[in-house]
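Comments concern the structure below.
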Amino acid sequence: MSATKTQLVVFDFDWSMADQDTDRWIFEVLAPDLRREMKTLKDEIQWTDLVAHSLREAHSRSITKEQIIHALQIMPFHPAMVRAVTNLKNKGETTFLCLSNANSVFISTILESKGLQDLFEEIITNPAEWDPSGLLKLRRRVDPAGPQHSCKVGCSPNMCKGEELEAFLTRKGVQFDHIAYVGDGTNDFCPILRLRSQDTVFCRTNRGLQKRIHKEGEAEGLKCNVQYWGGAWEIEEKFSKL
């Protein structure tokens with residue numbers, strides 16, 4: 001791929017930058033029965049609300065802030081991904097954006113543990129904060145009591161990644177020569193529909209985004225170049241050519 005003057009790299013986080021799902025991982029590590037309950041209730045309760053509920057339950061069981069932080073720090077995160085983003089950032093002329101349905105505390109904790117706390121210009125996700133008791137308080141990015149997003153292709157109620165990407169580009173006021181989007185899930189389909197023919201989606205194989213591209217991409221007018229990857233070492237290879 002030819003060199004570009006200005007470039008934006010957008011990352012989903014769970015199963016895209018990291019090699020696990022933060023929301024599920026901490027309960028698998030600290031309270032597997034809560035993880036099982038989440039699996040049972042996921043079709044009845046909006047996902048961000050369900051994670052918030054499970055965090056309150058974990059806190060009531062005296063699962064501590066320190067335990068949650070440690071679980072996040074040991075979550076699988078491939079060294080090749082650290083190298084890939086660090087090397088690309090060091091070249092200059094690339095802006096990094098995170099668009100994730102996880103939450104601000106999970107993401108920032110993991111990034112800091114990998115020395116990547118300064119990677120992203122913005123992290124757009126669900127807000128979370130520790131209260132003095134050690135409870136991690138989580139809420140949707142889009143408040144259920146306020147105006148809702150207008151997504152027509154299936155984004156979760158808590159956030160439309162397509163609208164968030166367009167809002168970032170408007171705030172930034174830069175016409176990027178190339179936008180690369182790294183994603184894996186069904187909720188990454190909406191933002192890649194906003195990409196142009198000169199842009200690229202790096203789609204992780206055998207997950208929801210690949211299925212949506214194959215099933216709906218042509219009908220929904222997907223324009224960008226699609227490249228597939230399975231492991232972080234492949235992202236390192238691809239990023240070396242950006």
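When the shell of 6.0 Å around NZ of Lys137 is examined, it contains 12 or fewer heavy atoms from other residues, nucleotides or ligands. Taking a 6.0 Å sphere around NE2 of His70, one finds it holds 12 or fewer heavy atoms contributed by other residues, nucleotides or ligands. Enclosure of atom NZ in Lys42 is not indicated, since only 12 or fewer non-hydrogen atoms of other residues, nucleotides or ligands lie within 6.0 angstrom.
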- Task: Give the intermediate values and the outcome of side-chain contact (heavy atoms from CB on, under 4.5 Å) for residues Gln227 and Lys238.
- Result: CA-CA 9 Å; Gln227 295 191 29; Lys238 293 176 183 298; 3.1 Å; yes
- Query: Do Glu220 and Arg212 pass the salt bridge (Lys or Arg N to Asp or Glu O under 4.0 Å) test, and can you show the C-alpha distance, the side-chain angles, and the key distance before you say yes or no?
  - Reply: CA-CA 10 Å; Glu220 293 290 346; Arg212 289 201 73 175; over 6 Å; no
- Task: Given side-chain contact (heavy atoms from CB on, under 4.5 Å), test Phe106 with Leu136 step by step and report yes or no.
- Result: CA-CA 10 Å; Phe106 285 179; Leu136 184 57; 3.4 Å; yes
- Query: Stepwise, does the salt bridge (Lys or Arg N to Asp or Glu O under 4.0 Å) test hold for Arg194 with Glu163?
  - Reply: CA-CA 9 Å; Arg194 319 293 176 112; Glu163 290 182 6; 5.3 Å; no
- Message: Apply salt bridge (Lys or Arg N to Asp or Glu O under 4.0 Å) to residues Asp184 and Arg207 and explain how you reach the verdict.
- Response: CA-CA 6 Å; Asp184 74 284; Arg207 302 193 63 81; 2.9 Å; yes
- Message: Is there a side-chain contact (heavy atoms from CB on, under 4.5 Å) between Thr48 and Met159? Walk through the geometry before answering.
- Response: CA-CA 10 Å; Thr48 307; Met159 183 169 78; over 6 Å; no
- Task: Any chance you could lay out the side-chain contact (heavy atoms from CB on, under 4.5 Å) test for Ile179 and Gln7, step after step, and finish with the verdict?
- Result: CA-CA 6 Å; Ile179 299 175; Gln7 179 168 252; over 6 Å; no
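When every heavy atom of Glu28 is checked against every heavy atom of Pro32, the shortest pair comes out as O-CG, 3.6 Å. Summarising the geometry of Arg196 relative to Phe176, their closest heavy-atom pair is NH2-O, 2.8 Å, with the distance given to 0.1 Å. The shortest non-hydrogen separation linking Val105 to Ser108 is O-OG, 3.3 Å. Closest approach of Ser240 to Lys91, counting heavy atoms only: O-NZ, 3.3 Å. Residues Cys155 and Cys190 approach most closely at SG-CB, 3.5 Å, considering heavy atoms.
At a cut-off of 3.5 Å, with distance as the only test, a side-chain donor of Asn101 or Asn158 sits close to an acceptor on the other residue. Judged purely by distance below 3.5 Å, without hydrogens or angles, the side chains of Ser156 and Asn187 never pair a donor atom with an acceptor atom. Defined by atom type and a distance below 3.5 Å, a donor-acceptor pair is missing between the side-chain atoms of Gln210 and Thr205. With 3.5 Å as the limit, one finds no donor-acceptor pair spanning the side chains of Thr125 and Asn103. In the model, Tyr181 has a side-chain atom that pairs as donor or acceptor with a side-chain atom of Asp188 under 3.5 Å.
Residues Phe11 and Val85 meet the side-chain proximity criterion, which asks for heavy atoms closer than 4.5 Å. With contacts defined as side-chain heavy-atom distances shorter than 4.5 Å, the pair Gln73/Ile110 does not qualify. Side-chain contact between Lys223 and Leu195: absent, with no pair of heavy atoms (C-beta onward) separated by less than 4.5 Å. Residues Thr186 and Leu209 form no side-chain contact, since every pair of their non-hydrogen atoms from C-beta on lies 4.5 Å or further apart. Side-chain contact between Val51 and Met38 is present, with heavy atoms from C-beta onward closer than 4.5 Å. Contact check for Gln20 versus Phe77: no side-chain heavy atoms found under the 4.5 Å cut-off. Under the 4.5 Å side-chain criterion, counting only non-hydrogen atoms from C-beta, Met17 is in contact with Met81. Taking the side chain as every heavy atom from C-beta outward, Val9 and Phe239 approach each other to under 4.5 Å.
Following chains of ILVMFWY side-chain contacts shorter than 4.5 Å, one can reach Ile213 starting from Leu99, so the two form part of one hydrophobic cluster. Linking ILVMFWY residues whenever their side-chain heavy atoms come closer than 4.5 Å, directly or via other members, leaves Ile124 and Leu111 in distinct clusters. Both Ile235 and Met75 belong to a single network of hydrophobic side chains, linked directly or stepwise wherever heavy atoms of I, L, V, M, F, W or Y lie under 4.5 Å apart. Follow the hydrophobic side-chain contacts under 4.5 Å out from Val182 and you never reach Val10; the two are in separate clusters. Ile68 and Leu135 are assigned to two separate hydrophobic clusters, defined by single-linkage of ILVMFWY side chains at heavy-atom distances under 4.5 Å.
In this structure, Ser16 contributes its side chain and Phe13 its backbone to no donor-acceptor pair below 3.5 Å. The backbone N or O of Gln67 lies less than 3.5 Å from a partner atom in the side chain of Thr64, making a donor-acceptor pair. Here the side chain of His53 pairs no donor or acceptor atom with the backbone of Ile45 at under 3.5 angstrom. A donor-acceptor contact shorter than 3.5 Å is absent between the side chain of Glu164 and the backbone of Cys160. Remark: the backbone N or O of Arg83 is not paired with any side-chain donor or acceptor of Thr86 at under 3.5 angstrom. In terms of modelled atom types and a separation under 3.5 Å, the side chain of Trp229 and the main chain of Phe202 share a donor-acceptor contact. Of the possible polar contacts, none joining the Trp130 side chain to the Lys65 backbone as a donor-acceptor pair under 3.5 Å is found. Side chain of Thr95 to main chain of Leu8: no donor-acceptor pair is present (N/O by atom type, distance under 3.5 Å, no hydrogens or angles). Checked by atom type and distance alone, the side chain of Asp131 pairs as donor or acceptor with a backbone atom of Gly134 at under 3.5 Å. A distance-only check finds no donor-acceptor pair linking the side chain of Ser100 to the backbone of Asp12 [under 3.5 Å].
Taking the ring centre of Trp47 as origin, the terminal cationic atom of Arg24 falls inside the region bounded by 6.0 Å and 45° from the ring axis.
The structure places CG of Leu169 at 8.0 Å from CG of Leu97, a figure rounded to the nearest 0.5 Å. Atoms CG and NE2, from Leu222 and His214 in turn, are 10.5 Å apart once rounded to the nearest 0.5 Å. Interatomic distance, CG of Asp199 versus SG of Cys224, reported as 7.0 Å (0.5 Å rounding). Once rounded to the nearest 0.5 Å, the distance linking CG of Leu41 with OG of Ser54 reads 8.0 Å. The structure places NZ of Lys89 at 7.5 Å from CG of Asp118, a figure rounded to the nearest 0.5 Å. Remark: Arg204 CZ to Trp15 CH2 distance equals 6.5 Å, nearest 0.5 Å.
Between Glu122 and Lys172, none of the side-chain N atoms (NZ, or NE/NH1/NH2) sits under 4.0 Å from a carboxylate O, so this pair counts as no salt bridge. With respect to Asp33 and Arg61, a salt bridge is recorded, a charged nitrogen being found less than 4.0 Å from a carboxylate O.
Using a 30° and 60° split on the angle between ring planes, Phe96 and Phe120 fall in the perpendicular class, above 60°.
The only member of Ile107, Leu138, Asp23 that meets side-chain contact (heavy atoms from CB on, under 4.5 Å) when paired with Asn126 is Leu138.
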